[in-house]
Visitor: 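Quick one: the structure is below, questions incoming.
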Amino acid sequence: MDRLIFHVDVNSAFLSWEAVKRIKQGLPDLREIPSCVGGDPKKRTGIVVAKSIPAKKYGVKTGEPVAMALRKCPELVCVPSDFELYVKCSRAFKDICASYAPAMESFSIDEVFLDMSGTRLIYPDPEATAREIKDKIHRELGFTVNIGISVNKLLAKMASDFEKPDKVHTLFPEEIPVKMWPLPVRELLSLGASSEKKLLEAGIRTIGDLAHKSQAEIQRLLGEKTGCQLWQYANGIDDSPVKSQKDEAKGFSVETTFEEDIVSMEQALPILLSQCDVVAARMRREGKKCTCVAVSFRTLDFKNRSHQCRLENATDVTDEIYANIRRLFRESWKGQPLRLLGVALTGLTEEEYTQMSLFEDAGERERRKKMDEALDSIRQKYGNDKITRASIMNVSSRIGRKAKAQMKNEKE
């Protein structure tokens with residue numbers, strides 16, 4: 001059976017969703033005037049998360065400070081982010097998409113993949129079906145989407161990025177030479193700035209140039225794993241499935257979303273320590289230790305980033321976990337305002353053996369373990385909110401309640 005994959009992408013999602021809300025209030029359509037979403041328009045703080053096409057003509061750029069955007073375009077209409085609205089609109093458009101497909105994978109807040117394989121008896125014309133989905137979203141919700149159609153996720157997503165807005169595009173394997181290969185190499189999915197620089201220096205300027213090189217040559221330029229993936233992508237090769245559900249969890253994690261931006265280390269570190277405290281306690285209750293830790297965060301444009309490391313020794317000690325999380329966060333966070341922070345512990349084991357360093361204080365490590373045991377015992381008997389570390393008193397109760405609710409959901 002031939003695969004058939006749709007990629008559905010909301011056009012200028014945050015701006016479109018704000019525009020629909022304001023039109024209902026009798027206000028001008030943000031999409032038709034110089035406008036942006038992001039920051040506080042009264043204080044001129046924050047960054048531009050999304051911009052209209054008229055604002056783009058003034059040189060307004062996504063990611064720049066709102067104050068700078070206002071200098072370029074003094075009449076710019078600035079609208080603060082409304083995360084509750086975005087979640088509501090995201091769910092609404094995904095509900096429509098899911099009603100057409102046997103399997104749907106949420107790729108981000110404003111993107112989904114639909115596996116339409118095996119539906120030709122119901123939907124004999126894929127392009128007509130895509131137009132039907134697109135028009136229904138516009139008619140019922142008031143905003144537009146682009147839909148890309150192909151035989152795999154890679155090509156479907158590449159197709160949806162062609163001319164916008166409110167369009168349906170195909171990119172089947174036989175169309176690759178005409179539609180994809182002439183594009184600049186930077187347009188290839190997953191190709192970053194560093195890889196682009198190396199390819200350009202090697203005279204590889206288009207996706208077609210990359211596709212026509214040998215895989216071995218690209219791997220020598222970019223590394224074995226990256227080179228293999230990008231060479232395959234340039235040739236339209238991708239066998240990744242559309243996943244209706246996330247993979248079964250193989251570790252312990254906690255995430256916290258904030259109503260106000262996190263903008264400093266002083267704000268972030270106590271939260272991360274509190275998260276480490278909660279998630280390590282959950283892991284200890286299961287008699288596990290972790291060999292890998294990761295920190296994740298979400299910026300105002302809903303882009304998720306994560307950074308992880310493998311540990312020399314498995315551990316269940318909160319302070320050891322936090323020390324690594326703190327280092328990872330310092331290495332990966334560049335100061336962008338954040339709305340979400342998270343910690344994950346993976347690579348689980350029940351192994352007891354630990355290779356001690358010659359310079360490690362065994363007595364100090366034992367003291368930290370005993371402190372963890374004491375905290376766990378008190379919390380198990382009296383509840384998570386009855387005792388906490390002094391450095392995280394302001395944030396631990398909120399995260400503890402969230403973790404408790406999460407654990408309850410897991411049991412159910």
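Note that the numbering runs from 1 along the sequence shown for the chain.
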Visitor: Kindly indicate, with the supporting measurements, whether the criterion side-chain contact (heavy atoms from CB on, under 4.5 Å) is fulfilled by D238 and L155.
Guide: CA-CA 8 Å; D238 173 33; L155 295 176; over 6 Å; no
Visitor: Does a side chain donor of either S160 or H7 reach within less than 3.5 Å of an acceptor in the other side chain?
Guide: yes
Visitor: Check step by step if side-chain contact (heavy atoms from CB on, under 4.5 Å) holds for C36 and L15.
Guide: CA-CA 7 Å; C36 75; L15 192 84; 5.5 Å; no
Visitor: Where the side chain of T206 meets the backbone of P182, is there a donor-acceptor pair that is under 3.5 Å apart?
Guide: no
Visitor: At their closest point, which heavy atom of K51 faces which heavy atom of T62, and how far apart are they?
Guide: NZ-OG1, 3.1 Å
Visitor: Within the 4.5 Å heavy-atom criterion, are Q215 and I218 side-chain neighbours or not?
Guide: no
Visitor: Could you state the interatomic distance from SG (C73) to OH (Y58), rounded to the nearest 0.5 Å?
Guide: 5.0 Å
Visitor: Please determine if K153 and E105 form a salt bridge, counting it only when a charged side-chain N lies under 4.0 Å from a carboxylate O.
Guide: yes
Visitor: For R310 and T291, which I'm curious about, is there any donor-acceptor pair between the side chains at under 3.5 Å?
Guide: yes
Visitor: Is it true that the side chains of R284 and T318 contain a donor and an acceptor less than 3.5 Å apart?
Guide: yes
Visitor: Answer yes when D2 and R120 have at least one side-chain N-carboxylate O distance shorter than 4.0 Å, and no when they do not.
Guide: no
Visitor: How long is the span from the CD1 atom in I321 to the CD atom in Q275, to the nearest 0.5 Å?
Guide: 12.5 Å
Visitor: For K61, look at atom NZ and say whether over 12 heavy atoms of other residues, nucleotides or ligands are found less than 6.0 Å away.
Guide: no
Visitor: For A314 and K289, work out which heavy atoms get closest and say how close.
Guide: CB-CB, 3.9 Å
Visitor: Check for a donor-acceptor pair, side chain of S264 on one end and backbone N or O of Q267 on the other, with a separation under 3.5 Å.
Guide: yes
Visitor: Of all the heavy-atom pairs spanning P102 and S117, show the shortest one and how long it is.
Guide: CG-O, 4.5 Å
Visitor: Is it the case that the side chains of T315 and E320 hold a donor-acceptor pair, with the cut-off being a distance below 3.5 Å and no angle test?
Guide: yes
Visitor: Before accepting this row, confirm whether a basic side-chain N of the pair E331/R327 lies closer than 4.0 Å to the acidic partner's carboxylate O.
Guide: yes
Visitor: Of all the heavy-atom pairs spanning A294 and I325, show the shortest one and how long it is.
Guide: O-CD1, 3.4 Å
Visitor: Dump the intermediate steps for salt bridge (charged side-chain N to carboxylate O under 4.0 Å, His left out) on E255 and R298, then the final yes or no.
Guide: CA-CA 10 Å; E255 290 182 343; R298 181 182 298 156; 5.1 Å; no
Visitor: Between K72 (side chain) and G59 (backbone), is there a donor-acceptor pair under 3.5 Å?
Guide: yes
Visitor: A quick test of your reading: do over 12 heavy atoms of other residues, nucleotides or ligands sit less than 6.0 Å from CZ of R305?
Guide: yes
Visitor: Quick check for you: to the nearest 0.5 Å, what is the distance between Q308 atom CD and S332 atom OG?
Guide: 11.5 Å
Visitor: Is a side-chain donor or acceptor of S52 paired with a backbone partner of I33 at a separation under 3.5 angstrom?
Guide: yes
Visitor: Looking only at atom types and distance, does a side-chain atom of N152 sit under 3.5 Å from a main-chain N or O of L154, one as donor and one as acceptor?
Guide: yes
Visitor: Determine the minimum heavy-atom distance between P80 and E18, stating which atoms define it.
Guide: O-OE2, 3.4 Å
Visitor: Quick one: does any side-chain atom of D95 pair with a main-chain N or O of A92 as donor and acceptor, under 3.5 Å?
Guide: no
Visitor: Would you say T129 and F6 make side-chain contact, with heavy atoms under 4.5 Å?
Guide: yes
Visitor: Which of parallel (below 30°), tilted (30 to 60°) and perpendicular (above 60°) describes F113 and F107?
Guide: perpendicular
Visitor: Do W17 and V37 have side chains that approach each other closer than 4.5 Å (heavy atoms only, starting at C-beta)?
Guide: no
Visitor: Kindly compute the distance separating CG (L340) from CG (N304), expressed to the nearest 0.5 Å.
Guide: 7.0 Å
Visitor: Using the ring of each side chain (for Trp, its six-membered ring), is F83 parallel, tilted or perpendicular to Y86, with breaks at 30° and 60°?
Guide: perpendicular
Visitor: Is the count of non-hydrogen atoms from other residues, nucleotides or ligands lying under 6.0 Å from K213 atom NZ greater than 12?
Guide: no
Visitor: Any donor and acceptor pair, going by atom type alone, linking the side chain of N146 with main-chain N or O of D161 inside 3.5 Å?
Guide: no
Visitor: Would T170 and K179 count as having a side-chain donor-acceptor pair, cut-off 3.5 Å?
Guide: yes
Visitor: Before giving the answer on side-chain contact (heavy atoms from CB on, under 4.5 Å), spell out for C290 and L311 the whole-Å C-alpha distance, their side-chain angles and the decisive distance to 0.1 Å.
Guide: CA-CA 8 Å; C290 64; L311 309 177; 4.3 Å; yes
Visitor: Can you find a heavy atom in the side chain of P126 that is under 4.5 Å from one in the side chain of M116?
Guide: no
Visitor: Are the side chain of N235 and the backbone N or O of I237 linked by a donor-acceptor pair below 3.5 Å?
Guide: no
Visitor: So, taking the atom named OG in S296 and the one named CG in L341, what distance separates them when rounded to the nearest 0.5 Å?
Guide: 7.5 Å
Visitor: May I ask you to check whether over 12 heavy atoms, not counting those of E224, lie within 6.0 Å of atom CD?
Guide: no
Visitor: For residues L30 and S35, report the shortest heavy-atom separation together with the two atoms involved.
Guide: O-OG, 2.7 Å
Visitor: Can you check whether F14 reaches I109 side chain to side chain, under 4.5 Å on heavy atoms?
Guide: yes
Visitor: Let me confirm one number: the CD-CE distance from E187 to M180, rounded to the nearest 0.5 Å.
Guide: 11.5 Å
Visitor: Please tell me whether Y123 and E132 have a donor and an acceptor in their side chains that are separated by less than 3.5 angstrom.
Guide: no
Visitor: With a 3.5 Å distance limit and no angle check, can you tell me whether E111 reaches the backbone of S108 through a side-chain donor-acceptor pair?
Guide: no
Visitor: Does the pair E201/K197 count as a salt bridge with the N-to-O cut at 4.0 Å?
Guide: yes
Visitor: Assess, by modelled atom type and distance only, whether the side chains of S274 and D277 contain a donor and an acceptor separated by less than 3.5 Å.
Guide: no
Visitor: Short question: side chain of R31, backbone of V20 - any donor-acceptor pair under 3.5 Å?
Guide: no
Visitor: Which residue is it: T144, V145, I137? I am looking for the one with a side chain to side chain contact (heavy atoms under 4.5 Å, CB included) to D166.
Guide: T144
Visitor: For the residue pair S150 and I5, establish whether any side-chain heavy-atom pair is separated by less than 4.5 Å.
Guide: no
Visitor: Just wondering, more than 12 heavy atoms not from I53 lying within 6.0 Å of its CD1?
Guide: no
Visitor: Give the intermediate values and the outcome of side-chain contact (heavy atoms from CB on, under 4.5 Å) for residues V343 and F329.
Guide: CA-CA 10 Å; V343 168; F329 184 68; over 6 Å; no
